[in-house]
Structure formats: structure tokens, C-alpha cells
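Written out below as C-alpha cells is the structure these notes cover.
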Amino acid sequence: GIAQEIVNDDFESYSLGTYFGGHWGNWDGVSGVGNLIITDTEASSGTQSGAINTDGQDVLMVLDPVFLGVYTIQWKMLVPQDRSAWIGFMEDTSALGDDSMPLKLNFNTNVDISGTNYDNKMYLALYADETTVSLSEPIDYPIGEWVTYKIRLDLDSSVMTFYINGTEIITTAYTAPNFQFGGADLWKFDTGNIFITGATSTNDACEWYIDDLLFVEGELGTHDVNSGSSIAVYPTVVNDSF
């Protein structure tokens, strides 16, 4: 069926500087250092984007939780050379906790985890509970470029599919305890700090930008992908418990 648009945000309507309101909140629940920053330094379309590059930022994308059906979230993202990034997709932004964030995307955040080198790679972490996590193999992503990322969630079948620039990278079980989806955490973590129980990182400084966010009910074809970028596909998910 035709996708029903829920959020379409190109960041052009906001004033430059910190922003708190609408579907953009933060972990503290009140406007402050955790806010999204609107910048004109980088943009995929127009002249503005959202920046995660300042200590203390812990931005929440707040959505009404959904429990059944197929939903797709797509966004443009730029991770500069020698920088890292982190975004966690949540069950419910009104019930904050370690177990409310079953799907995390990590970009250049660890040199080594259990003997696997993730330097200058990204990976997905899916949590079955607060301490049991499945990590994908290292995934190449276009560094220093605007990239289209997409996640398709089939909440009826509990299946998640992840795409980079329109290419399917991983399809795997979506292990959220309540099989629901209700937003995301955009976190500016400190160097040497990564959100995996029992693991530490030697990542570069965290700095990244987001633009052209779409969240829809139903299927969404990838819009305006950069077909010139080269990526590698790693469909295998490796189970590790920390």
C-alpha cells in the first residue's frame, strides 16, 4: 500500500541554534544542553541540518509508539572523516531506560570488540534484554559523505531490515521486548565511551549531522540516494554477550 507520512523534516523551518519542541526533545525532558542543534555548516538539502557535535547533547526524536504493522524510517546522515556517531532506536521515549533501546547504530565507535576490528566501520547492535546483544559484522559506510539510511520494521513479524543508499545490508529479528517502536536517541557520547555493556571504545570524537528525515507507516522507496557510493554487504549477525 501507499506509505502514510508521519514525520517529514528537512530542518529548514527552524532558527539556527539549539532547538527543543515538536518531535525533538531530549533525555532530560526540558530544554537545555541536551537539545538538537540546528546548523547551516552542513546540509543534504536546502541549507540546514541537525548537528550532534556538542558535549551534553542527548537528543530524543519523540514519536507516538506503534505496535503493529510495517513502518519505515529513513534519514540522511553525514559522519565526517575521523569522527564517530551513535543513534539508538527506542520502544518508547516516555519510558527511558537501558532496555527501552533495542536497536543501536554505531559508526567508527570501536577499534576492537571481542577480536573484531570495527575501526572506520559501522555496526548494528540488537538487544534481547539489557545485557544480551547481537552485533553485526563490520559494515563499510561512505565516510565524509551524505548517506541515505533506512530501517524497515515489520512489527507483525518482528523483523528489521537495514539499508544503506538503497542496498539491503541486514535482515534479522527485531528483538524489542515489546515489539514496538517509538522514537530515537541521538547521543553525543564522550570519546572512550560506548553504549555496550562491558565494552569500552577508543573511538574518535563524536560529530555527525542529520537531514531529510522521513517516518512513514508502510513501505518507503529510498528517496534521492547517492548511487555513486561504494558499500560492502555483511548479512551475517554474530551473537556476543557482554
Side-chain angles (χ1 to χ4, degrees), residues 9-12 16-18 34-59 61 73-89 103-113 115-125 135-151 162-170 184-196 199-213 222-234:
D9 196 342
D10 63 5
F11 301 88
E12 296 300 309
L16 296 176
T18 69
N35 291 0
L36 182 67
I37 295 174
I38 306 301
T39 183
D40 58 4
T41 303
E42 301 285 354
S44 175
S45 66
T47 61
Q48 297 185 177
S49 66
I52 306 295
N53 59 6
T54 302
D55 287 347
Q57 278 186 282
D58 203 347
V59 180
M61 180 182 69
I73 186 164
Q74 178 179 287
W75 70 102
K76 300 287 186 67
M77 186 169 174
L78 168 64
V79 182
Q81 186 76 35
D82 299 323
R83 294 294 183 266
S84 57
W86 185 99
I87 181 170
F89 291 93
L103 171 59
K104 304 178 180 71
L105 277 58
N106 305 264
F107 298 78
N108 192 27
T109 48
N110 282 75
V111 172
D112 188 270
I113 302 175
T116 301
N117 188 342
Y118 289 89
D119 191 28
N120 289 314
K121 309 286 185 181
M122 70 160 296
Y123 64 92
L124 279 67
L135 301 184
S136 73
E137 294 286 351
I139 300 168
D140 286 325
Y141 67 96
I143 297 173
E145 302 176 20
W146 281 102
V147 182
T148 302
Y149 296 97
K150 183 172 75 170
I151 293 172
F162 175 67
Y163 304 81
I164 299 178
N165 281 341
T167 297
E168 180 180 327
I169 304 298
I170 290 173
D185 183 18
L186 291 62
W187 181 34
K188 199 281 185 184
F189 57 80
D190 299 325
T191 301
N193 179 4
I194 186 59
F195 209 18
I196 291 184
T200 58
S201 73
T202 54
N203 54 276
D204 293 316
C206 182
E207 176 190 353
W208 59 281
Y209 303 87
I210 185 170
D211 205 352
D212 299 329
L213 170 70
T222 303
H223 294 205
D224 303 322
V225 300
N226 178 2
S227 59
S229 297
S230 175
I231 60 174
V233 178
Y234 297 88

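- The shortest non-hydrogen separation linking W86 to W208 is O-CZ2, 3.3 Å.
- Annotation: side chain of Y123 is not in contact with side chain of K104 (no heavy-atom distance under 4.5 Å).
- At a threshold of 4.0 Å, the pair D140-K121 counts as salt-bridged, since one of the basic side-chain nitrogens sits closer than that to a carboxylate oxygen.
- Taking 4.5 Å as the limit, some side-chain heavy atom of L124 sits within range of a side-chain heavy atom of L103.
- By the ring-ring contact (aromatic ring centres under 6.0 Å, His included) test, Y209 is found to be paired with no residue, residues two or more places apart in sequence or in another chain being considered.
- Annotation for E207 and N53: closest pair CG-CB, 3.8 Å, computed over non-hydrogen atoms.
- Between T148 and K76, the shortest heavy-atom distance links the atoms OG1-CE, 2.8 Å.
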Original post:
Does the salt bridge (Lys or Arg N to Asp or Glu O under 4.0 Å) test come out yes or no for K188 and D58, once each step is laid out?
Top reply: CA-CA 6 Å; K188 199 281 185 184; D58 203 347; over 6 Å; no
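- In the model, D10 has no side-chain atom that pairs as donor or acceptor with a side-chain atom of S45 under 3.5 Å.
- Residues W75 and D211 fail the side-chain proximity criterion, which asks for heavy atoms closer than 4.5 Å.
- By the 4.5 Å heavy-atom criterion applied to side chains, I143 and V79 are not counted as neighbours.
- N108 has its side chain within reach of D119: a pair of non-hydrogen atoms, C-beta onward, lies under 4.5 Å apart.
- Nearest heavy atom pair, residue L16 against residue Q48, reads CD2-OE1, 3.6 Å.
- Evaluation of the side-chain contact (heavy atoms from CB on, under 4.5 Å) rule for T47 yields E12 as partners, not counting sequence neighbours.
- Checking side-chain atoms of E145 against main-chain N and O of P142 turns up no donor-acceptor pair under 3.5 Å.
- Side-chain contact between I164 and M122: present, with at least one pair of heavy atoms (C-beta onward) separated by less than 4.5 Å.
- Contact of the W187 side chain with the V59 side chain is not registered, since no non-hydrogen atoms from C-beta on lie closer than 4.5 Å.
- Contact annotation: the side chain of K150 never approaches that of N165 to less than 4.5 Å [non-hydrogen atoms, C-beta and beyond].
- Taking both residues in full, the closest heavy atoms of S49 and A43 are given as CB-CA, 4.2 Å, listed atom of the first, atom of the second, then distance.
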**OP:** Apply side-chain contact (heavy atoms from CB on, under 4.5 Å) to F89 and I151, showing your working.
**Re:** CA-CA 10 Å; F89 291 93; I151 293 172; 3.5 Å; yes
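- Ring planes of Y149 and F107: perpendicular class, angle over 60° (limits at 30 and 60°).
- L78 and G144 get closest at one heavy-atom pair: CD1-C, 3.3 Å.
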